[in-house]
There are 2 protein chains.
Amino acid sequence: MNEAVVLTPERILEATEDVLRRFGLAKATVVDVARALDVSHGSVYRHFPSKASLRDAVAKRWLDRANEPLCKIAQASGPAPERLEKWLRSMFAIKQKKVCDDPEMFATYLALAQGAREVVKAYKDKQVDLIAKILADGVGQGTFQIDDVKASARAVFDATCRYHHPAHAEEWSESECPVRIDALIGLLLKGLGAPRKH
Amino acid sequence: MNEAVVLTPERILEATEDVLRRFGLAKATVVDVARALDVSHGSVYRHFPSKASLRDAVAKRWLDRANEPLCKIAQASGPAPERLEKWLRSMFAIKQKKVCDDPEMFATYLALAQGAREVVKAYKDKQVDLIAKILADGVGQGTFQIDDVKASARAVFDATCRYHHPAHAEEWSESECPVRIDALIGLLLKGLGAPRKH
DNA sequence: TGAATAACAGATATTGAAATCTGTCAGCGC
DNA sequence: GCGCTGACAGATTTCAATATCTGTTATTCA
């Protein structure tokens with residue numbers, strides 16, 4: 001009965017992800033999670049005040065993991081336009097990969113995210129901050145001409161929403177997508193005041 | 001029994017819209033439509049081969065009606081940048097108005113549209129064509145600098161998706177929306193090569 | 001003493017039988 | 001004859017009884 005192992009929030013989150021993977025969001029219950037850990041479901045409530053808070057924590061873990069590579073790009077050095085393009089393409093690629101690799105799990109996390117608005121908002125705000133970081137670098141380098149960095153970062157985030165917001169995930173596999181992404185990124189870079197080489 | 005009035009597709013569509021308004025998409029049945037027209041439901045099937053085709057026709061009517069004012073703007077004359085801005089803002093306003101005025105009916109039509117992919121695709125393509133028309137005018141006027149008008153039109157459409165795609169309708173009422181729309185439109189106009197008169 | 005439990009109430013989900021709906025078609029009546 | 005009807009089969013939906021789940025708490029046990 002796992003008597004040597006203490007029950008931690010971390011282990012509960014791990015088990016919850018397993019249960020979600022196996023049963024999906026609709027079928028996953030706190031009782032399932034407890035069963036997977038071989039404890040009573042009451043014990044789970046000692047570490048998370050509600051099922052909703054447990055779901056929020058899982059969502060946060062997932063989003064934070066997905067954000068890691070983007071943080072690295074934003075904090076790197078180099079010409080801002082290239083870095084912004086790389087950042088955007090990475091973001092699209094990360095999402096696209098998640099859908100392709102395991103559409104079912106993606107759907108599960110998507111549904112999960114819909115109930116964790118606060119967490120999602122923080123995640124989006126962080127992404128806008130990362131874009132703003134790159135834009136600010138570009139202004140410093142003279143490659144971007146921007147009045148309001150924060151507002152422009154938000155505009156870039158909004159403008160690319162078709163290729164990162166999960167509501168549009170179904171359309172990411174269309175064949176014209178890459179060409180359209182190229183056109184969009186080109187338009188945005190030009191709008192930020194970065195002359196396109198070639 | 002309405003003996004003087006012939007049963008036409010038009011009358012059926014009218015009745016279907018009424019039924020949808022009253023019962024919503026989930027509850028609306030062909031039997032309801034027939035009852036509203038005081039005919040047997042078999043008669044409806046004389047004019048529409050299936051419930052799906054009836055729904056498609058209703059969706060098309062609705063979308064076409066919504067598109068009318070935008071066609072006018074695209075076909076008007078005047079400086080392209082101003083016209084594009086007006087076109088985009090009108091598009092946002094039309095959608096936003098629909099959500100505000102009757103959120104329930106909007107949800108109904110949204111669900112309806114999800115099942116009428118062909119119709120929706122045609123509608124979107126038409127909107128991209130309208131944008132392309134304005135862009136081409138701008139190129140002729142020297143106010144836009146664009147390599148590929150068609151691709152740029154699509155990029156503008158994609159970039160503004162957050163403010164016209166119904167998947168984002170819930171966010172349209174947020175207080176920062178207007179300011180974010182301003183930033184987005186500014187960025188796009190700059191990207192199209194139109195110098196902003198501040 | 002403090003982490004875990006087991007029993008519990010109210011809320012939510014499942015299930016299968018009954019009702020309704022979709023789509024078809026032979027026939028009625030204008 | 002032509003447009004409509006009404007009855008029908010199979011698919012889908014409803015509904016209410018039944019089971020399960022969430023969140024709480026008094027109790028156990030180490």
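Computed from a predicted structure; not experimentally measured. The figures that follow rest on heavy atoms only: side chains count, while hydrogens, waters and symmetry mates do not. Here is the naming used below: chain letters follow the sequence lines, and residue numbers restart at 1 for every chain.
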Would you mind reading off the distance between [X] atom [atom1] and [N] atom [atom2], rounded to a whole angstrom?
{"X": "A:L25", "N": "C:dA13", "atom1": "CG", "atom2": "C1'", "answer": "14 Å"}
{"X": "B:D38", "N": "D:dT5", "atom1": "CG", "atom2": "C1'", "answer": "13 Å"}
{"X": "B:F23", "N": "C:dC21", "atom1": "CZ", "atom2": "C1'", "answer": "14 Å"}
{"X": "A:H47", "N": "D:dT22", "atom1": "NE2", "atom2": "P", "answer": "17 Å"}
{"X": "A:F48", "N": "D:dT22", "atom1": "CZ", "atom2": "C1'", "answer": "16 Å"}
{"X": "B:D32", "N": "C:dC21", "atom1": "CG", "atom2": "P", "answer": "7 Å"}
{"X": "A:L7", "N": "C:dG2", "atom1": "CG", "atom2": "C1'", "answer": "14 Å"}
{"X": "A:R35", "N": "C:dA4", "atom1": "CZ", "atom2": "C1'", "answer": "18 Å"}

Taking atom types as modelled, is there a side-chain donor on B:D158 or A:Y163 under 3.5 Å from an acceptor on the other? yes
B:S53-B:D56 side chain donor-acceptor pair, cut-off 3.5 Å: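 Side-chain D/A pair, B:S53 to B:D56: absent.
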Check this for me, if you would: do [X] and [Y] make a salt bridge, where the nitrogen-to-carboxylate-oxygen distance has to be below 4.0 angstrom?
{"X": "A:E17", "Y": "A:R65", "answer": "yes"}
{"X": "A:R154", "Y": "A:D129", "answer": "no"}
{"X": "A:R89", "Y": "A:D182", "answer": "yes"}
{"X": "B:E10", "Y": "B:R61", "answer": "yes"}

Between A:V39 and A:A26, which is nearer to the 5' end of DNA chain C once each is assigned its nearest nucleotide?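 First, find each residue's nearest nucleotide; the 5'-ward one identifies A:V39.
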Looking at [X], does any N or O in its side chain come under 4.0 Å of the phosphate oxygens OP1/OP2 on [N]?
{"X": "A:S40", "N": "C:dT5", "value": "yes"}
{"X": "A:S43", "N": "C:dA3", "value": "no"}
{"X": "B:K27", "N": "C:dT20", "value": "no"}

Do A:H168 and B:H165 come close enough that some side-chain heavy atom pair is under 4.5 Å?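 In contact.
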Give me, pair by pair, the N or O atoms of the protein and of nucleotides 23-26 of chain C that are less than 3.5 Å apart, along with how far apart they are.
| unit_1 | atom_1 | unit_2 | atom_2 | d |
| --- | --- | --- | --- | --- |
| C:dG23 | OP2 | B:Y45 | OH | 2.7 |
| C:dG23 | OP2 | B:K51 | N | 2.7 |
| C:dG23 | N7 | B:H41 | NE2 | 3.1 |
| C:dG23 | O6 | B:H41 | NE2 | 3.0 |

